[in-house]
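Shown next, in structure tokens, is the structure this report addresses.
Being a predicted model, the structure only gives us computed values, none of them experimental. We name chains A, B, ... by the order of the sequence lines, and we start the count at 1 in each one. FYI, side chains are in, hydrogens and waters are out, and symmetry mates aren't considered; it's all heavy atoms of this structure.
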Amino acid sequence: MEPINQLVAQRKQKLQKLIELGVNPYPYKFERTHTTKEVKEQFESLENQTVRVAGRLMANRLMGKAAFCDIRDMYDRLQLFIKKNEVGEHGFDIYKLLDIGDIIGVEGIVFKTRTGEISILVKELTVLCKSIRPLPVVKEKIEDGKRVVYDPFSDKELRYRQRYVDLIVNPEVKEVFIKRSKIITAMRNFLNERGYLEVETPILQPIYGGASARPFVTTHNTLKMKLYLRIANELYLKRLIVGGFEGVYEFAKDFRNEGMDRFHNPEFTQMELYVAYQDYYWMMELTENLISSIAQEVLGTTKITFQGHEIDLTPPWRRLPLFEGIKEYTGMDLTDATEEELKAAAEKLHITVEKEWGSGKIIDEIFGEYVEPKLIQPTFIIDYPLEMSPLAKKHRDNPRLVERFEPIIAGKEVGNAFSELNDPMDQRERFEAQMELRARGDEEAQVLDEDFLRALEYGMPPTAGLGIGIDRLTMLLTDQPSIRDVIFFPQMRPEQSGDES
RNA sequence: GGGCCCGUAGCUCAGCCGGUAGAGCAGCGGACUUUUAAUCCGUUGGUCGGAGGUUCGAUUCCUCCCGGGCUCACCA
């Protein structure tokens, strides 16, 4: 138990007094007729009418025998006017035992105050939940239609650890998550309209695959078996394409046991889509249409602002082959460069080449350092080196490349896609190359999946695949600088508890 | 993991060259029946993140630890 401070003790006393007044501080339900927002929006027709609204008490201005207070529900904030001669002695005694943070319901008459604020003259007040822990009090006023906050609840650690408080006190946080939900709904609708099937595949996997990353490991007690939390669902979705589904997608929580920063949380959400008989050119069109139509639907525009950058998501997006991008931003043509030449080029660009890096890795580094951050407007980077992409099909015109693209927006990739490799012999060779990397100590190299190869041996149609990072897309569309601002409960170290255990 | 910065009341923050803490808001008591960052008067509240060290004396200086933020590295 943490030390009970004075504020909690006072609130518990008030709780006791409420009970003595015959009030149930935790009743079962409250019928409301309107939300706070509806009261404001429908004021014309509701004026002088009786309504019932409920919400959390956010501010209190007591003036002897009358008081103004503000309640907030999910939609808006509304002022209540409580007069002793309206609610009665008993009602006013109850009111005086309320604290900021309590949840109440009221019945009363809609009116406008002398200063023009839509309010409710309370006739009857019901306690719905007595709060015994003090809420940070955020003072705010509306100035020229903008919300001005005086004592913001701004400590990021507290906001992330106690997201419930963050949501109560900072309404704009709620807006971000509402948009996140709308983004997912819009994406799902877009995919369903095209006839693709939403499916579910295993999170606990005996062999992890579909991406280059280190996994989380767990154990199944009964089977006495090591299981991995999925790092991607790609290989399972492709098995479904083998099975005869022609368009499948999944919103997948993936888990990667890696560092955390502004763009990375150990668990994150990705939407993966696989469509039979299509290639990556087709998928590029789908991707630009998907993202621009989500923006249109959720934000009402395809022109967005992200961290000060004006970004136009209107299709078509620029398509820039990886090596042309490098040429454009470094002046170096590395298209046919050998590994030695790549090393020399990298050093000239002040990139320290680690000795275990292959040519793919070096190219990726140069790209990541010199090209990607410059790509503010939506750009498809296309045609990656073969060795970086063990699951992608060889480029139809250049066997050193694969047919792969990443949509880059605001200098960050928001997805990954390719013409899927469906040649089982080629796939086996690629896995074997990965296993060799693994043997050399690359812990992120991919693992050979015999069952997946067996599936490919039965035959998979030509297929286009796409993964979209939902968290990053949400950051982009809500203009949030950190992934932690678009995940309700981002990963944190455990809180230090007061007592030793 | 490296670098920089932060941790003081429920919240937001001051606290100088070392003398065991202060403000605003919230809370509590009082005045006030159209206020709105309500106002006015009074007032409670602190293991100064933790453990050591230096010192007569540490919130302040030093070391280590814990937690966090930003940033670089790796990754979506």
Let's see if you can work this out: which of [options] has an atom nearest to the side-chain heavy atoms of [X]?
X: A:Thr113; options: B:rA73, B:rG67, B:rU34; result: B:rU34
X: A:Arg484; options: B:rG68, B:rC13, B:rU34; result: B:rG68
X: A:Glu157; options: B:rA73, B:rG67, B:rC11; result: B:rG67
X: A:Leu62; options: B:rA38, B:rC32, B:rG67; result: B:rC32
X: A:Lys156; options: B:rU33, B:rG69, B:rC74; result: B:rG69
X: A:Phe111; options: B:rG69, B:rC11, B:rU34; result: B:rU34

Should [N] form a Watson-Crick or G-U wobble pair with both distances under 3.5 Å, which nucleotide is its partner?
N: B:rC4; value: B:rG69
N: B:rA31; value: B:rU39
N: B:rG18; value: none
N: B:rU54; value: none
N: B:rC74; value: none

* Using the ring pair (Phe, Tyr, Trp, His ring centres under 6.0 Å) rule, take A:Tyr329 and A:Tyr370 through it: C-alpha gap first, then chi angles, then the decisive distance, then the call. => CA-CA 6 Å; A:Tyr329 289 95; A:Tyr370 284 88; 9.5 Å; no
Can you tell me if [X] touches the phosphate of [N], counting only side-chain N or O atoms and a distance under 4.0 Å to OP1 or OP2?
X: A:Arg262; N: B:rC70; answer: no
X: A:Arg161; N: B:rG68; answer: yes
X: A:Arg61; N: B:rU39; answer: no
X: A:Arg133; N: B:rG10; answer: no

Base, sugar-phosphate, or nothing for [X], non-hydrogen atoms under 4.0 angstrom?
X: A:Glu369; result: sugar-phosphate
X: A:Phe153; result: sugar-phosphate
X: A:Gln79; result: base
X: A:Asn257; result: nothing
X: A:Lys65; result: base
X: A:Phe92; result: nothing
X: A:Asp471; result: nothing
X: A:Glu117; result: base
X: A:Asp155; result: sugar-phosphate

* Centroid-to-centroid, A:Phe68 to A:Phe81, below 6.0 Å? -> yes
* Cation over ring, A:Arg163 on A:Phe488, under 6.0 Å and within 45°? -> no
* Structure fact -> Between A:Glu406 and A:Gly116, whichever has its closest RNA chain B nucleotide further toward 5' is A:Gly116
* More 5' along RNA chain B: A:Glu365 or A:Arg493, using each one's nearest nucleotide? -> A:Arg493
* To do: Decide ring pair (Phe, Tyr, Trp, His ring centres under 6.0 Å) for A:Tyr228 and A:Phe216; before the verdict, give the C-alpha distance in whole Å, the side-chain angles of both, and the deciding distance to 0.1 Å.
  => CA-CA 6 Å; A:Tyr228 301 94; A:Phe216 286 92; over 10 Å; no
* Asked: Which residue, A:Arg180, A:Gln480, A:Gln270, A:Arg484, forms the side chain to side chain donor-acceptor pair (under 3.5 Å) with A:Asp471?
  -> A:Arg180
Write out a two-atom table: protein N or O, nucleotide N or O from nucleotides 24-28 of chain B, distance below 3.5 Å.
| residue | atom | partner | partner atom | Å |
| --- | --- | --- | --- | --- |
| B:rC25 | O3' | A:Lys139 | NZ | 3.4 |
| B:rA26 | OP1 | A:Lys139 | NZ | 3.0 |
| B:rG27 | O2' | A:Gln10 | OE1 | 2.1 |
| B:rG27 | O2' | A:Gln10 | NE2 | 3.4 |
| B:rC28 | OP1 | A:Lys14 | NZ | 2.2 |

* Under the salt bridge (charged side-chain N to carboxylate O under 4.0 Å, His left out) rule, what do A:Arg214 and A:Glu444 come out as? Steps first, then yes or no, please. => CA-CA 5 Å; A:Arg214 293 165 64 185; A:Glu444 294 186 349; over 6 Å; no
* To do: Using a 90° cut-off around 0 for syn, call B:rC62 syn or anti.
  => anti
